[in-house]
J.: 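There's a structure below that I have some questions on.
It should be emphasised that the depicted structure is a prediction, and the values quoted were computed from it without experimental measurement. Chain identifiers are assigned alphabetically (A, B, ...) following the order of the sequence lines, protein sequences preceding nucleic acid strands; residue numbering begins at 1 within each chain. Note that these values count all heavy atoms, side chains included, but never hydrogens, waters or copies made by symmetry.
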There are 2 protein chains.
Amino acid sequence: MTPQAIKVACSNCNLRELCMPMDLSVGDLGRLDELVATRRKIRRGAPLFSNGERFTALYAIRTGFFKTCIATEDGRDQVTGFQMAGEIIGLDGIVGDHHTCDAVALEDAEVCVLPFDRIEELSREVPALQSHVHKIMSREIVREHGVMLLLGSMRAEERLATFLLNLVQRLHARGFSQSELVLRMTREEIGSYLGLKLETVSRAFSKFAEEGLVEVKQRHVRILDTDALRAVVAPHEAGAALKRCA
Amino acid sequence: MTPQAIKVACSNCNLRELCMPMDLSVGDLGRLDELVATRRKIRRGAPLFSNGERFTALYAIRTGFFKTCIATEDGRDQVTGFQMAGEIIGLDGIVGDHHTCDAVALEDAEVCVLPFDRIEELSREVPALQSHVHKIMSREIVREHGVMLLLGSMRAEERLATFLLNLVQRLHARGFSQSELVLRMTREEIGSYLGLKLETVSRAFSKFAEEGLVEVKQRHVRILDTDALRAVVAPHEAGAALKRCA
DNA sequence: CGGGGGGTTGATATTTTTCAAGTGTAGTGG
DNA sequence: CCACTACACTTGAAAAATATCAACCCCCCG
């Protein structure tokens with residue numbers, strides 16, 4: 001393969017509306033192409049970056065699916081997120097110049113490499129990009145607040161229902177089905193993310209299947225009753241609404 | 001009180017090294033004073049901002065102590081953090097132009113109001129400030145990863161020990177004791193942050209006191225054995241270290 | 001000095017984990 | 001092509017952790 005054989009360009013990337021600012025003049029849009037240095041392919045199971053590695057760039061996922069996780073010396077391990085096409089990964093490395101977590105591809109993947117010094121340079125000149133970078137980081141903070149709510153106050157089935165609804169919603173935003181999905185991760189990885197053991201995740205899946213909310217065949221999941229899944233998450237919703245009206 | 005009676009200035013603020021970039025030329029340092037529009041006092045129990053409120057500014061805490069929390073329609077509630085002098089609050093509002101959580105003063109407090117459009121403007125001109133803003137947001141993301149680890153993989157006593165060690169370490173960085181602290185929040189608020197019920201928090205405190213790790217009198221806590229507290233968090237540390245050497 | 005919110009403690013209930021056994025299933029090599 | 005193996009997943013029973021319910025205490029403050 002010749003180096004730089006394919007022209008790397010955000011301006012005609014079909015994922016642009018997912019990872020880039022929308023309201024750009026044609027001129028600024030062209031400048032964005034300076035952002036992407038190269039692309040990089042990552043095989044399933046391989047790390048995009050690892051804890052301790054020097055931080056140099058953010059990554060925009062073009063294809064594939066990642067998990068990020070942190071590990072402590074005493075063997076604890078926590079999946080902190082799952083990322084898919086159009087999402088930005090690597091923000092953890094900015095503060096200390098080194099990555100503080102591992103990003104691992106859960107299927108063969110390709111990312112755009114966005115050198116961070118170039119991001120900072122360009123966002124000084126293009127306010128829309130600057131604002132976009134801030135929003136991306138803020139969005140991650142808000143997402144993590146949601147995970148804290150999940151981990152801190154939900155029971156097992158509520159957590160799994162929330163997780164499934166979130167996944168399917170993000171997939172739907174990318175043109176996939178609203179009701180069908182293929183899990184890219186194991187029960188153990190789901191469990192780690194949700195603060196549960198893999199057996200508990202499995203049992204919750206079985207319970208949902210029993211009740212007719214979903215159909216589960218290994219990693220293939222079909223959501224049969226979205227509203228019922230939502231009701232699992234917020235069982236008191238109706239009551240609370242009533243109370244507010246009273 | 002005359003408006004603007006006191007000259008608001010970062011350049012001679014004793015908290016500067018906590019909330020501002022360190023490596024500034026004298027000229028740039030002066031420019032930072034443009035950042036702070038006003039100061040604002042918040043009484044204990046009053047909100048600095050609330051969920052749904054329009055986002056206009058970040059806040060640098062000068063004095064006092066805050067909690068941030070999110071609430072859902074169905075009555076769930078999660079404390080997402082406790083913030084003290086020198087820390088920046090309000091990052092959640094950037095992404096959607098509205099705040100997504102409540103920030104409540106747990107004691108009488110004063111903050112510097114940093115209008116966000118001014119932050120963006122100035123950080124386009126002062127790279128050190130730009131970098132600093134990025135680092136502050138990244139630090140918050142990394143902090144929340146730590147909370148996810150805590151909520152997802154630690155048991156009650158490990159969570160409380162982690163919490164105490166983190167609090168006392170931050171207080172020490174501000175010139176307070178390494179071993180003594182006064183909690184500004186209730187057991188219920190601690191519990192909400194740690195994903196536990198207040199009774200569980202209380203029991204964990206009692207257990208620590210029984211074992212001679214801490215002395216607890218209501219909200220006054222004295223840490224008697226820091227190493228033992230650390231061992232509560234990472235009980236396998238020693239074993240793991242041995243294994244690494246073997 | 002009385003009231004009330006915050007805190008502690010005990011007994012019981014519930015949820016989740018742990019341990020253990022067994023069942024697919026996808027990939028591999030004979 | 002089929003058997004085999006490794007890994008992921010499921011399920012059950014018992015154990016552990018935490019929540020819930022309830023009673024009580026203790027201050028701190030007005």
J.: Sub-3.5 Å donor-acceptor pair from the side chain of Thr63(B) to the main-chain atoms of Glu110(B), do we have one?
T.: yes
J.: Using a 3.5 Å distance criterion without hydrogens, assess whether the side chain of Arg222(A) forms a donor-acceptor pair with backbone atoms of Val216(A).
T.: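 A pair under 3.5 Å: no.
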J.: What is the distance, rounded to the nearest whole Å, between atom CG of Leu198(B) and atom C1' of dG6(C)?
T.: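 Leu198(B) atom CG is separated from dG6(C) atom C1' by 9 Å.
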J.: Is there a side-chain contact between Arg219(A) and the phosphate of dC9(D), meaning an N or O under 4.0 Å from OP1 or OP2?
T.: yes
J.: What is the nucleic acid contact for Leu196(B), judged by heavy atoms within less than 4.0 Å: base, sugar-phosphate only, or nothing?
T.: sugar-phosphate
J.: With a 4.0 Å cutoff (strictly under), does any side-chain N or O of Thr186(A) reach OP1 or OP2 of dA8(D)?
T.: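 For Thr186(A), the contact criterion (side-chain N or O under 4.0 Å from OP1 or OP2 of dA8(D)) is not met.
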J.: If you check the Arg203(A) side chain, which of dT9(C), dT15(C), dC19(C) turns out closest?
T.: dC19(C)
J.: For the ring pair Phe66(A) and Phe82(A), is the centre-to-centre distance below 6.0 Å?
T.: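 Ring centres of Phe82(A) and Phe66(A) not closer than 6.0 Å.
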J.: Quick check on DNA chain C: between Lys217(A) and Met154(A), whose nearest nucleotide comes earlier from the 5' end?
T.: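 Its nearest nucleotide being more 5', the pick is Met154(A).
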J.: Out of dT8(C), dG7(C), dT11(D), which has the shortest distance to the side chain of Ser206(B)?
T.: dT8(C)
J.: Would you mind reading off the distance between Leu183(A) atom CG and dT25(C) atom C1', rounded to a whole angstrom?
T.: 16 Å
J.: In whole angstrom, what separates Arg155(A)'s CZ from dA19(D)'s C1'?
T.: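 To the nearest whole Å, that distance equals 8 Å.
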J.: Of the candidate nucleotides dT17(C), dA8(D), dT9(C), which contains the atom at the shortest distance from the side chain of Ser202(B)?
T.: dT9(C)
J.: Would you kindly give the CZ-to-C1' distance between Phe205(B) and dC26(D), to the nearest whole Å?
T.: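 Answer to the nearest Å: 17 Å.
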J.: Go through dT8(C), dA11(C), dT17(C) for me and flag the one nearest to the Arg187(B) side chain.
T.: dT8(C)
J.: Does any N or O in the side chain of Ser202(B) come within less than 3.5 Å of the main-chain N or O of Leu198(B), such that one atom is a donor and the other an acceptor?
T.: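 Checking the backbone N and O of Leu198(B) against the side chain of Ser202(B), no donor-acceptor pair under 3.5 Å is found.
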J.: If I take atom CD in residue Glu188(B) and atom C1' in nucleotide dT20(D), what distance separates them, rounded to the nearest angstrom?
T.: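 Result: 14 Å.
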J.: Tell me: CD of Glu158(B) to P of dA17(D), nearest whole Å?
T.: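 To the nearest whole Å, that distance equals 10 Å.
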J.: Nearest-Å distance, CG (Leu160(A)) to C1' (dT10(D))?
T.: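 Leu160(A) atom CG is separated from dT10(D) atom C1' by 15 Å.
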J.: Between Gln78(B) and Ser192(B), is there a donor-acceptor pair closer than 3.5 Å when you use the side chain of the first and the backbone of the second?
T.: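 Side chain of Gln78(B) to backbone of Ser192(B), a donor-acceptor pair under 3.5 Å: yes, one is there.
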J.: Would you indicate what Gly191(A) reaches in the nucleic acid, counting non-hydrogen atoms under 4.0 angstrom: base, sugar-phosphate, or nothing?
T.: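 No contact at all - Gly191(A) keeps every heavy atom at 4.0 Å or more from the nucleic acid.
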J.: Taking CZ from Arg44(A) and P from dC7(D), how many angstroms apart are they, rounded to a whole number?
T.: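 Computing the Arg44(A):CZ to dC7(D):P distance gives 13 Å.
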J.: Does Lys197(B) or His220(B) map to a spot on DNA chain D nearer the 5' end, using the closest nucleotide for each?
T.: Lys197(B)
J.: Taking the ring centre of each residue, are Phe55(B) and His99(B) less than 6.0 Å apart?
T.: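 That pair passes the under 6.0 Å test.
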J.: Between dT16(C), dT10(D), dG7(C), spot the one nearest the side chain of Gln218(B), thanks.
T.: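 Of all the options, the side chain of Gln218(B) is nearest to dG7(C).
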J.: With a 3.5 Å cut-off and just heavy-atom distances, do the side chain of Glu199(A) and the base of dC19(C) make a donor-acceptor pair?
T.: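 Indeed there is one.
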J.: Looking at dT15(C), does its base get a donor-acceptor pair with the side chain of Arg159(A) below 3.5 Å?
T.: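 Checked by distance alone, the answer is no.
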J.: Which one, dA8(D), dT10(D), dT18(D), comes nearest to the side chain of Val216(A)?
T.: dT10(D)
